[in-house]
There are 2 protein chains.
Amino acid sequence: MEQAELVQKFKTHGYKMTPQRRAIIETTTGSLSHLSAEEIHQIVSKRMPDIALATVYNTLRELVAIGAAREMNLSNDARRYEFSQDMHSHFVCLVCGKIQDVQTDQHKLASLFKLNSGNYAIRYEATIYGYCPNCAPVGIEK
Amino acid sequence: MEQAELVQKFKTHGYKMTPQRRAIIETTTGSLSHLSAEEIHQIVSKRMPDIALATVYNTLRELVAIGAAREMNLSNDARRYEFSQDMHSHFVCLVCGKIQDVQTDQHKLASLFKLNSGNYAIRYEATIYGYCPNCAPVGIEK
DNA sequence: CTCACTGCAAACTATTTGCATCGTA
DNA sequence: TACGATGCAAATAGTTTGCAGTGAG
């Protein structure tokens, strides 16, 4: 989503546009994603040193609410956020926790499942767990 | 995994078999899965009132370590555990959080992804988010 | 000028850890 | 008998909330 579009959408939903929110939006739209609230707070703090971590959490919740961000619960540590609109899957290293995006044919993915009647699917996600190049144990073929 | 097999595997890995661990194993092997540590603690507490929640957490960690349980991080609340060996996917209701198992052809699922070179996959998981029959908003076709 | 938003600190929740005691092997 | 496991309580980590002051619309 474009920044301008995002700012607009934010207002449409009845939120006021504050400098804090603008800074967070600018940071996250340009970001590589997979960031935690803590990491986003650190980045934004560089140019806005007084911003509170709670404000970051609040804004992230709002971004999720308007569909501009998605939460990722891939591992046991902090929640991570994703800001791109395109759906893809994730490769998570079991050792170091590093997350890589993996492109996915959403249509093929969806076609694999036969849902119980009455269930209505909104989105499909796949996660692949394994070893990244740095963490592969010896003996595991490349 | 059979209970006896599991008890054996537990010992093989150098763990002592205590009444607490046995009770947890018996509870989880017979369970419907998707239980949180708290829920498992409550169930086991009925027949062993003094068992500590920390013991449940420790035992769960061990079960994961020996491959007899898997952790699920599907939503924002407590971690849930799965004890069946067969791989399947999950349907998670965005409203009530209810989790349903969905059978998956693991081979087809794996074939959808082209991993970056050097990555080694251990397992593939898919999660479908949507509305369960009880929570489907009006206007959403069944 | 109002009421939503902010920063701060305290509260909360899930999980882990330290330690004295207990009990399996 | 030794040392790993237990229960308890305290510690930790991530996230949320309450509140008085601030500022966007």
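To find a chain, count down the sequence lines: A is the first, B the second, and so on, and within it residues start at 1.
Straight-line distance from the CG atom of Leu60(B) to the C1' atom of dT17(C): 17 Å, rounded to whole Å. The CE-C1' distance, from Met48(A) to dC8(C), rounds to 17 Å in whole Å. Remark: P of dC5(C) and CG of Leu53(A) are 18 Å apart, rounded to the nearest angstrom. Between the P atom of dG7(C) and the CG atom of Asn58(A) lies a distance of 10 Å, rounded to the nearest Å. In this structure, the CD atom of Glu71(B) is 13 Å from the C1' atom of dT16(C), given to the nearest Å. Between Glu62(A) atom CD and dC5(C) atom C1' there is a gap of 9 Å when expressed in whole angstrom units.
Remark: side-chain polar atoms of His90(A) are not paired, donor with acceptor, to backbone N or O of His88(A) under 3.5 angstrom. Judged purely by atom type and a 3.5 angstrom limit, His41(A) has no side-chain atom pairing as donor or acceptor with the backbone of Thr55(A). Of the possible donor and acceptor atoms, one in the side chain of Arg21(B) sits under 3.5 Å from a partner among the backbone N and O of Lys16(B).
Summarising the geometry of Val92(A) relative to Gly97(A), their closest heavy-atom pair is CG1-O, 4.2 Å, with the distance given to 0.1 Å. In terms of heavy atoms, Glu82(A) sits closest to Ser33(A) at CA-OG, 3.4 Å. Closest heavy-atom contact between Leu53(B) and Ala37(B): CD1-O, 4.0 Å. The two residues Cys132(A) and Cys93(A) make their nearest non-hydrogen contact at N-SG, 3.5 Å.
In this structure, the side-chain hydrogen bond (donor to acceptor under 3.5 Å, both in side chains) partners of Glu26(A), at least two apart in sequence or on a different chain, are Arg47(A). When the ring-ring contact (aromatic ring centres under 6.0 Å, His included) test is applied to Tyr15(B), the partners found at least two apart in sequence or on another chain are Phe10(B).
One finds no side-chain N or O of Arg61(B) lying less than 4.0 angstrom from the OP1 or OP2 phosphate oxygen of dT15(C). In this model, the phosphate group of dT16(C) is approached by a side-chain N or O of Arg79(B) to a distance below 4.0 Å at OP1 or OP2. Using a 4.0 Å cut-off, some side-chain N or O of Tyr57(B) falls inside it from OP1 or OP2 of dT15(C).
A heavy atom closer than 4.0 Å to some atom of DNA chain D occurs in no member of residues 33-44 of chain A.
The shortest distance between side-chain heavy atoms of Val56(B) and Val44(B) does not fall below 4.5 Å. Gln20(A) places none of its side-chain heavy atoms less than 4.5 Å from the side chain of Thr59(A). Using a 4.5 Å heavy-atom cutoff, the side chains of Tyr129(B) and Phe91(B) are not in contact. Counting heavy atoms from C-beta outward, Asn119(A) and Gln100(B) have side chains that approach closer than 4.5 Å.
Contact footprint of chain A on DNA chain D: nucleotides with an atom under 4.0 Å from a non-hydrogen protein atom, first to last in 5' to 3' order, dG14(D) to dG25(D).
Taking the screw axis at each terminus of the helix from dC1(C)-dG25(D) to dA25(C)-dT1(D) from five consecutive base pairs, the angle between the two is 40° to within rounding of 10 degrees.
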What protein N or O atoms touch nucleotides 21-25 of chain C N or O atoms at under 3.5 angstrom, if any, and at what distances?
from	atom 1	to	atom 2	distance (Å)
dG23(C)	N2	Lys16(B)	NZ	3.4
dT24(C)	O3'	Met17(B)	O	3.4
dT24(C)	O2	Lys16(B)	NZ	3.3
dA25(C)	OP1	Met17(B)	N	3.1

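Each of Asp77(B) and Ala52(A) has a nearest nucleotide on DNA chain C; the 5'-most of these lies closest to Ala52(A).
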May I have the step-by-step check of side-chain contact (heavy atoms from CB on, under 4.5 Å) for Thr127(A) and Thr127(B), ending in yes or no? CA-CA 8 Å; Thr127(A) 309; Thr127(B) 309; 5.7 Å; no
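Counting any heavy atom pair closer than 4.0 Å across all strands shown, Asn76(A) reaches no nucleic acid atom.
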